[in-house]
Amino acid sequence: MSDTLIRALDLIEPGALVMYHGSITDLHGLWLAIPCPCRICRALDAHGLPDVRCALVDPWGERSGPFHARRESITRSAACA
């Protein structure tokens, strides 16, 4: 089974708990994933481009999360299984 297909099966819906493991190491950990609300990401989504990005929200509201997080930078939390 290809890596791309495995990723497609690991769907992340808005509001899902995810683990961030991207390039901003200070922010690695548990977040809520929502569609990135920035103008650029909304325009890409409106045109049907497959590079969907997420904004990550702290479930406890204690810190700011990253925007434009790539799908490769997040994994669905085991709590969602």
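Atoms considered below: every heavy atom in the structure, side chains included; atoms not considered: hydrogens, waters and symmetry mates.
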Can you tell me how far CG of Leu32 sits from SG of Cys54, rounded to the nearest 0.5 angstrom?
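CG of Leu32 is found 11.0 Å from SG of Cys54.
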Would you give the length of the straight line joining atom CD1 of Ile74 to atom CG of Leu56, rounded to the nearest 0.5 angstrom?
6.0 Å
Over all heavy atoms of both residues, which pair between [X] and [Y] is shortest? Give the atoms and the distance, please.
X: His21; Y: Thr75; result: NE2-OG1, 2.6 Å
X: His68; Y: Cys41; result: ND1-SG, 3.5 Å
X: Leu27; Y: Ser64; result: CD2-O, 4.0 Å

Look at atom CG of Leu30 and say whether more than 12 heavy atoms of other residues, nucleotides or ligands are closer to it than 6.0 Å.
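Yes, the 6.0 Å shell around CG holds more than 12 heavy atoms from other groups.
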Enclosure of Arg63 CZ (heavy-atom neighbours >12, cutoff 6.0 Å)
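For Arg63, atom CZ is crowded (more than 12 foreign heavy atoms under 6.0 Å).
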List the steps, then state whether side chain to side chain contact (heavy atoms under 4.5 Å, CB included) holds for Leu17 with Trp31.
CA-CA 6 Å; Leu17 282 171; Trp31 297 91; over 6 Å; no
Out of curiosity, does Phe67 fall in the hydrophobic cluster containing Ile34 (side-chain heavy atoms, cut-off under 4.5 Å, transitive links)?
no
